[in-house]
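Counting from 1, the numbers follow the sequence of the chain as shown.
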Amino acid sequence: MTIKEINNSYQHIIELLDEGILNTAFDMLHSLIAGTQRIGFLNTLTQLQETYRYMLRYYAEGTDDPLREQIYINLRADAYKLADEIKHQALLTDAPTIYYINVRTTIKHPIDMQFLINSMIEDYEIENMPNYEFSLDWLFHKIWTTVFLSEEDVNAIRATFNDTTCCSPVKCQFVSALLLGLQASFDKKKMYLLFDAASLTDDDETRIRAFIAILLTLYTYRQRIPYYPGIRHRLETLAEMPDFKRILLTVIFRFILSRETESITHKLQEEFIPEMIKFTAKINPNIHSDTPELSGNDMNPEWENIFSDSKLTKQMEEYSNLQEQGVDVMHSTFIHLKQFRFFNTVSNWFLPFTANHSEFKDMKESSCLSIETILNASYLCNSDKYSLYLSFIHIPEGQRDVMIRQMDSQMREMNKLQAEDLKSKRSKAESIAGQYVQDLYRFYKLFPRRSDLVDIFQWKLDFHNLDILKPYLSDDETRMNIADFYLQRNHFDCAEPIYEQLITHITDDEMLYQKLGYCKQMNDNVQGALESYLRSELLNPDSKWLIRRIAGCYRTLKQPENALKYYLRYEQLTQGNVSAWINIGHCHLELGQYDEALKYYFKAEYLEPNNIKAWRAVAWCSFLAGKYEQAGNYYSKIIDKDPHLQDYINYGHTEWALQNFHEAIGHYQSALKKLDNNSVQFRELFKQDIPDLLRAGIKQSELCLMLDAIQLEL
């Protein structure tokens with residue numbers, strides 16, 4: 001069998017086991033064994049099949065067997081394990097992925113794990129850092145690539161976790177290796193070791209990482225976890241820790257925030273950076289000139305308005321707010337700083353930062369950022385800290401010193417602000433969790449051989465829906481917090497089902513109905529949104545926000561009469577709201593009551609004479625009412641100020657109704673140019689207005705003539 005056939009067959013077997021279709025799964029396991037010629041597994045498979053047949057026979061005969069459920073659980077777990085073993089043995093020799101390359105290397109050079117751990121601990125001195133790093137890297141790869149750990153290995157790793165003299169970075173690396181190993185194949189022994197690490201009360205770095213690794217593993221194997229009752233028992237024990245729930249929610253929120261990284265990165269690259277370049281040119285247009293100019297310390301007083309009104313200033317405020325909320329805004333900065341040889345090694349992506357790393361041996365002490373400064377930079381994950389240091393190595397020493405002095409000062413100030421933020425808003429656990437999630441994100445997105453990996457950040461990672469976690473997340477307050485966080489981050493598809501579940505037994509919370517309605521509206525379920533809003537209205541009939549939302553839903557659903565009632569109520573509550581008047585006018589317009597519509601449009605224009613929305617409304621309503629001269633006057637004003645595509649088309653309609661053919665053709669051509677001369681798209685837009693043109697007196701026979709005339713003039 002080819003590698004692709006082995007993987008496809010294995011995946012199909014796992015899907016059958018997930019669904020409980022054991023007989024078919026066993027038949028496919030037979031085929032996989034035959035295809036890969038791994039006949040040593042036949043005895044195990046035969047025993048599983050015989051056990052299942054006996055169980056089915058007793059069940060069919062109606063025999064009461066108190067052990068049946070336990071036997072079935074063990075059978076499913078053993079079947080999963082057998083499938084994993086066969087797959088790994090079949091891929092071991094030839095699979096080209098980074099995982100199997102490292103598996104083969106580890107097998108080829110076996111070293112006793114306990115011996116290597118002892119050697120590594122002895123080498124933990126600055127002068128022996130290369131030896132220490134080599135041993136730690138080898139241990140990382142051994143834990144990662146050992147499909148099923150031996151009891152000896154388990155005992156060695158557990159002893160390391162419990163050794164209070166062993167440094168935290170070693171334990172952190174063991175956790176990451178266990179996580180990657182579990183992503184490659186499920187091993188309950190590795191899972192139990194993660195629970196050991198998550199129970200370390202004297203090492204927050206290790207235990208928070210272990211928490212995250214546990215959650216990711218529970219999610220990865222959510223279909224098979226129920227067949228390992230020991231895992232549920234260990235989770236119950238872990239949940240007895242006083243801060244368990246707080247850490248659990250912290251991790252969940254961090255993964256929700258990670259969903260925004262790509263969009264933030266795109267926005268920074270496409271909007272923020274270009275705007276910064278434009279801004280720099282604006283305040284110093286001669287920046288690239290060779291002509292010397294007078295210098296001084298005084299700033300141009302004209303800059304004050306530039307700073308306060310600029311788009312860049314607003315973007316910087318938004319950027320700062322996102323960073324305060326915990327969004328990963330640094331990813332884009334360090335994307336191109338992951339090309340160093342250092343990042344070709346898997347384990348280095350997870351290594352807690354230290355300036356004593358042997359990669360930095362050639363940098364003078366005076367040329368390094370203060371170790372305290374960079375270690376306290378909670379807004380930088382460990383991977384980015386290494387990127388920062390490695391980038392300095394390639395800068396000439398003189399320039400490096402100047403740059404580092406400036407950066408050290410800036411980072412100290414940022415650290416001070418971050419420290420205040422940690423005291424007031426964020427806990428140490430949040431900072432550690434945020435950094436580790438970012439380290440994981442960079443590994444799965446930027447590792448040179450990332451195509452060999454299954455990108456966990458492509459998954460939904462809705463941990464609150466895992467059955468095994470529901471006992472700890474099922475109370476109303478917790479689920480409301482999760483739903484509100486999804487809502488705050490604009491993940492309406494995830495928030496909606498939680499609100500739906502909450503509303504089944506919380507029937508007197510007006511805000512809950514509003515939130516549910518808003519999610520439905522954002523998910524394009526306008527009818528469902530309206531129903532939720534109306535239920536909220538029964539509890540609070542005077543909410544201006546709610547009345548406006550109900551009115552908007554009725555308009556979207558093409559029910560202008562109902563919409564009008566609510567807009568009139570909204571107008572009474574707001575007393576002279578321009579937006580309300582325009583929307584009231586729209587409702588009258590949709591009801592064919594053009595004179596009434598114009599009254600409200602003119603009221604809006606009177607209060608805000610330069611309101612272009614009011615102009616558009618007056619112009620189109622005037623056209624529909626047959627007041628073409630009035631419509632033309634308003635379209636002329638719109639074209640001079642801020643014309644949209646539809647404005648040119650509507651102005652063309654107006655001039656055509658006035659029999660000003662040349663002017664009409666000119667406006668249509670302007671619209672066509674805005675569409676990059678896409679005549680097909682223009683015709684589609686034009687056809688939507690044909691009923692209005694016919695009511696304006698345009699003959700059916702003229703429609704084709706006008707469309708062709710527009711093309712001819714071009």
Side-chain angles (χ1 to χ4, degrees), residues 98 176 179-180 183 212 216 254-280 312 315-316 318-353 355 357 359-360 369 374-375 377-395 399-400 403-404 406-407 410-411 414 418 431-459 461 489:
I98 187 70
S176 295
L179 170 59
L180 290 192
Q183 289 299 307
I212 292 171
L216 287 172
R254 284 293 162 178
F255 276 103
I256 293 173
L257 287 171
S258 73
R259 298 180 179 195
E260 302 173 38
T261 305
E262 289 301 321
S263 61
I264 294 298
T265 297
H266 178 78
K267 190 169 186 177
L268 287 170
Q269 292 176 336
E270 299 298 322
E271 298 179 23
F272 183 81
I273 294 175
E275 194 67 29
M276 183 177 288
I277 294 171
K278 284 167 31 181
F279 183 78
T280 303
L312 177 64
Q315 288 177 336
M316 290 179 71
E318 180 186 359
Y319 180 91
S320 178
N321 289 335
L322 288 170
Q323 190 170 23
E324 286 182 10
Q325 294 164 20
V327 178
D328 184 1
V329 298
M330 304 302 292
H331 180 67
S332 62
T333 304
F334 289 92
I335 284 177
H336 303 296
L337 294 179
K338 305 297 182 187
Q339 310 301 321
F340 302 109
R341 181 188 58 188
F342 177 85
F343 292 111
N344 290 336
T345 302
V346 173
S347 60
N348 286 343
W349 289 82
F350 310 100
L351 190 65
F353 178 78
H357 198 281
E359 285 283 340
F360 310 139
L369 277 172
I374 197 166
L375 280 174
S378 60
Y379 50 89
L380 291 179
C381 64
N382 292 283
S383 171
D384 289 351
K385 291 174 183 178
Y386 278 111
S387 294
L388 190 62
Y389 253 57
L390 290 165
S391 65
F392 289 141
I393 295 175
H394 301 280
I395 300 174
Q399 298 177 25
R400 182 198 306 164
M403 181 182 294
I404 288 177
Q406 293 175 344
M407 186 171 290
Q410 294 169 359
M411 289 183 69
M414 291 179 71
Q418 289 284 329
S431 178
I432 294 171
Q435 287 185 5
Y436 191 52
V437 170
Q438 289 174 14
D439 281 328
L440 286 167
Y441 192 91
R442 280 146 183 70
F443 173 67
Y444 281 101
K445 298 294 184 181
L446 303 176
F447 177 57
R449 298 198 59 168
R450 57 190 174 275
S451 60
D452 289 350
L453 309 168
V454 176
D455 184 359
I456 61 173
F457 290 95
Q458 291 294 321
W459 299 342
L461 297 178
R489 311 313 309 177

message: Tell me the closest heavy-atom pair linking Val327 and Arg489, and the distance in Å.
response: CG2-NH2, 3.3 Å
- request: Check whether any side-chain heavy atom of Ile212 sits under 4.5 Å from a side-chain heavy atom of Val437, and report yes or no.
  value: yes
Interatomic distance, His357 atom NE2 to Tyr389 atom OH [nearest 0.5 angstrom]: 13.0 Å
query: Are any side-chain N or O atoms of Asp439 and backbone N or O atoms of Phe350, one a donor and one an acceptor, separated by less than 3.5 Å?
result: no
query: Can you name the closest pair of heavy atoms from Leu179 and Leu440 and give their distance?
result: CD2-CD2, 3.8 Å
field: Flag, side chain of Ser387 to backbone of Phe334, donor-acceptor distance under 3.5 Å
entry: no
Minimum side-chain heavy-atom gap Leu461-Leu216 below 4.5 Å: yes
message: So Asn348 and Tyr386, do their side chains get closer than 4.5 Å, heavy atoms only?
response: no
query: CD1 of Ile456 to OH of Tyr441: how many Å apart, nearest 0.5 Å?
result: 11.0 Å
query: Is there side-chain contact between Leu388 and Phe353, with at least one heavy-atom pair below 4.5 Å?
result: no
query: Measuring from Thr261:OG1 to Gln438:CD, what's the distance to the nearest 0.5 Å?
result: 7.0 Å
task: Test Leu390 against Glu359 for side-chain contact (heavy atoms from CB on, under 4.5 Å), laying out the working first.
output: CA-CA 8 Å; Leu390 290 165; Glu359 285 283 340; 4.1 Å; yes
query: Can you say whether the rings of Phe343 and Trp349 are parallel (under 30°), tilted (30 to 60°) or perpendicular (over 60°)?
result: tilted
query: Rounded to the nearest 0.5 Å, how far does CZ of Phe457 lie from CZ of Arg442?
result: 9.5 Å
task: Considering non-hydrogen atoms only, spot the tightest contact between Leu446 and His331 and give its length.
output: CD1-CE1, 3.7 Å
query: Under a 4.5 Å cut-off applied to non-hydrogen side-chain atoms, are Asp455 and Arg450 in contact?
result: no
Point-to-point distance, once rounded to the nearest 0.5 Å, from CD of Gln339 to CG of Asn344: 9.0 Å
- request: Would you indicate whether the side-chain heavy atoms of Val346 and Phe443 approach each other to under 4.5 Å?
  value: yes
message: Donor-acceptor pair, distance only, cut-off 3.5 Å: does the side chain of Lys445 make one with the backbone of Ile335?
response: no
- prompt: In Å, rounded to the nearest 0.5 Å, how long is the span from CG of Leu180 to CG of Leu453?
  reply: 8.0 Å
